[in-house]
Amino acid sequence: MAEPGTAEPVIRLVDVDRVFPAEPPVHALRGTSLRVAAGDYVAVNGPSGSGKSTLLNTLGLLDRPTSGRYLLDGIDTTTLPDGERTRLRGGRIGFVFQSFHLLQHRPVLENVMLAEVYRQPPTNLRKGRRARAAQALERVGMGHRADFPPNRLSGGERQRVAVARALLGRPSLLLCDEPTGNLDGHNTTLLLDLFDELREQGLTIVVSTHEDEVSSRAGRRVRIIDGVLREE
Amino acid sequence: MDPRDLCAEAVAGVLARPLRTALTTLGTVLGIATLVITLGVAATAGNRIVGRFDELTATAITVEVPQSEDGPLVGWDAPAELTRLRGVASAAAVAQNEGDTDLTVTANRLVDPTRVSGRNLAVVAATVDLPAAVRGRVSAGRFYDEGHVLRRDRVVVLGADAARMVGVSRLADGPAVFIGERAYSVIGILSDLGRDQALSTAVIVPPGIGADFGLKDVTRVLVNTRLGAAELIAGQLPRALSPARSGELHVITPPSPTRARDAVEGDLNGLFLILGLVSLVVGAVGIANATLVTVLERTSEIGLRRALGAARRHVAAQFLVESTLIGLTGGVIGASVGVVAVVAVAAVRQWTPVLDIAPVLAAPAAGALVGLLAGLYPALRAARMEPVDALR
C-alpha cells in the first residue's frame with residue numbers, strides 16, 4: 001500500500017468536533033483527526049458512551065460533524081448536500097451492524113441483493129444482480145444458504161450474510177459497528193478470519209469494538225475516551 | 001433507483017405481513033364495494049321500473065282538443081288519417097262532456113224501490129277503433145263498426161264496470177239500457193282497459209248518435225305508437241290532426257325513459273353514495289393508521305435502507321407505493337364483490353342486472369388513490385427519519 005501522504009487516504013478526519021445540543025452540550029467527538037489509508041485494518045476501542053458510535057456514524061456519513069472536515073476518498077463530505085452524501089454512502093461504504101439488520105421475510109440472497117437497489121447507474125443493474133449476490137455469498141462462505149430465511153441461520157451466519165451484503169458493489173470502506181457483539185467465541189473467530197481474508201484482498205476495514213480479541217487482530221488500534229481519539 | 005426495484009421492494013413489504021395487509025385492505029374493500037353495489041342496484045332497480053313504463057305507457061299519447069266556437073278542430077275521420085303516419089299503431093277519437101254531466105242509465109223502466117236501478121254514468125262517443133286504442137278487450141258481444149255508425153244505429157258498448165253497475169252481464173237476450181228516456185241496444189262489453197281506465201265506467205256510443213247527448217265534436221284523441229316512436233309522433237300529431245290550428249291542441253306525451261331513469265337513481269343513490277364515501281374515508285384512515293404503525297415498526301429497516309444509499313425520496317416512495325398497492329388491491333376486490341353482489345341481488349329479485357362499466361373500471365383507480373392519499377403522511381414520517389436514529 002502507498003505511504004501516508006503520497007496517496008490519497010480513504011479516510012481523512014481533520015479536527016472533527018461533534019456536539020449534541022443538550023443541557024449541558026454533549027461533546028461526543030473533540031478535535032478528532034484520523035487518517036486511514038487504503039488497505040488499513042483499524043480497530044476503534046473504547047467503553048460504551050465514549051463516542052465510538054458517533055465516530056463510526058460520522059465515518060459512515062450517517063452523521064455530520066459539528067466542525068472540522070471529513071474527506072472520504074479525497075472528497076470533502078462536510079460541505080456536500082444530503083443527496084450527495086447519500087449517494088457516496090451507497091457507493092463507497094459497506095456497513096456491518098451489531099444486530100445484523102437483515103430483513104427477516106426475505107431470503108438471504110435477496111438481502112444481499114438489496115445492497116445494489118439504491119446505487120447509481122450503472123452499478124444498480126438488475127441484470128446479473130442475482131449472480132453477483134451469489135458470488136458475494138460464496139466469498140463469505142455462505143453460498144449454500146442463499147435461499148434460507150435469515151431467522152434459520154445462526155448469529156455467525158447472519159453476520160456473514162451482512163458482510164456479503166456490505167461487500168456487494170466493491171466499497172472502498174467496510175465499517176463494522178461492534179460486529180461481534182452478538183456472536184459467541186467460535187463465531188467471533190470465524191468472522192475475524194473472514195476480515196483477515198478481506199484485508200488481504202485489499203479492503204479497508206474500520207471496526208469498532210470493546211473486545212480485546214477483535215482489536216488484537218487488527219493491524220492498527222485507536223482508542224477513544226470521552227470523545228478524544230488516541231493511537232495505541 | 002430502478003422503478004422495477006421500487007415495485008419489487010414495495011410488493012415484498014406488503015407481502016411480509018399478509019394478515020395485516022388483508023385486514024388493512026378490508027376498509028377499502030367495504031368502501032368500494034358499497035359504492036359499486038349502490039350504483040349497480042340503483043341502476044338495476046331503475047331499469048326495472050323504466051322497463052314497466054316502457055311496455056305500457058311509453059307509447060301512449062293523448063291529444064286534448066279544446067272546444068272551439070269556430071267549428072271542430074279535429075274531425076271524426078282524423079283517427080283513420082292518423083294511422084297513415086308511420087309509427088302509429090292505433091288511434092281513436094273520443095268525445096266526452098266536460099265536467100259532471102253524467103246521465104242516468106238504467107237497464108229497465110221498472111221502478112223498484114228496494115234497488116238502485118238508475119246509475120249516473122258518463123256517456124262517451126268514440127270511433128270504432130277504441131278497443132285497440134285503449135288496449136282493451138271486448139269480453140262479450142262485439143264493438144260497433146262503421147255500419148252502425150253510418151246507419152246511426154242506437155247501439156251502445158258498456159265499459160266492464162258500467163255493465164256491472166247497471167246489471168248487464170249477458171248479451172244473449174239482447175239487453176237494452178235506457179239513457180234518459182230512450183232505449184239503446186247493448187251489443188258489447190269492453191273490459192281490461194290498458195289505458196284511460198275511466199272509460200270502464202262509461203257508456204260508449206257511436207259518434208253519429210253522440211250528438212243526442214251533446215257529444216258533437218272530438219274532445220280527445222288517443223294514439224298508440226310503436227316503441228320508441230312516441231316522441232316523433234307527438235311532434236307530428238298536431239299538424240296531422242289540425243293543419244291550420246295545430247297550436248291549439250294539447251299533446252300529452254309519456255315521460256321520456258331517460259327522465260324516468262334519472263329520477264329513480266336520484267332518489268336511491270344519494271344516501272348510499274354518501275355511505276360508500278364514508279366507508280372509503282374510514283378505509284383510508286385504516287390504511288393511514290396501519291401504514292404508520294408499519295413505518296414505526298420498520299424503523300431499523302428504514303435505517304438499513306438509508307445506510308445502503310437510499311435517499312429520503314426512495315424511502316417515501318416505497319411506503320407510498322405500498323399503501324397505494326393496498327388501496328388498489330382493495331379497489332379490485334371491492335369492485336369484484338360489488339359486481340357479484342349486484343348480480344346476486346338481481347338474481348334473487350329476478351331483475352336484469354344493470355351496471356355501468358365506468359364505475360367498475362374506475363373503482364380500482366379510486367382505491368389506489370385512497371391508498372396513495374392515506375400513505376402520504378406515513379411516507380413523510382418515514383422519509384424524515386434520521387438514519388442514525390433509525391439504526392439505533
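Keep in mind that the numbers below use all heavy atoms, side chains included, and drop hydrogens, waters and symmetry copies. Everything numeric here is computed off the predicted structure, so don't read it as measured data.
By number of non-hydrogen pairs under 4.5 angstrom with chain A, the leading residue of B:P387, B:A310, B:A16, B:G303 is B:A310.
Looking at B:L6, neither its backbone nor its side chain comes within 4.5 Å of chain A, counting heavy atoms on both sides. Within the 4.5 angstrom heavy-atom criterion, atoms from both the backbone and the side chain of A:L114 approach chain B.
Taken to the nearest 0.5 Å, the OG1 atom of B:T25 stands 6.0 Å off from the CD1 atom of B:I333. Taking CD1 from B:I32 and CG from B:L280, the interatomic distance works out to 5.0 Å, rounded to the nearest 0.5 Å. Between atom CD1 of residue B:I274 and atom OG1 of residue B:T34 there is a gap of 13.5 Å, rounded to the nearest 0.5 Å.
Side-chain atoms of A:P150 and A:V161, non-hydrogen and from C-beta on, never get closer than 4.5 Å to each other. Between B:V339 and B:L355, the closest side-chain pair of non-hydrogen atoms falls below 4.5 Å. Proximity of B:T44 to B:V342: side-chain heavy atoms (C-beta onward) are separated by under 4.5 Å at one or more points. With contacts defined as side-chain heavy-atom distances shorter than 4.5 Å, the pair A:V214/A:F195 does not qualify.
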For chain A against chain B, give me the donor-acceptor pairs closer than 3.5 Å, one per line with atom names and distance.
from	atom 1	to	atom 2	distance (Å)
B:D5	OD1	A:R126	NH1	2.7
B:D5	OD1	A:R129	NH1	3.0
B:D5	OD2	A:R129	NH1	3.4
B:D5	OD2	A:R129	NH2	2.8
B:E9	OE1	A:R106	NH1	3.1
B:E9	OE2	A:R106	NH2	3.0
B:R305	NH1	A:Y118	OH	2.8
B:R306	O	A:R89	NH1	2.6

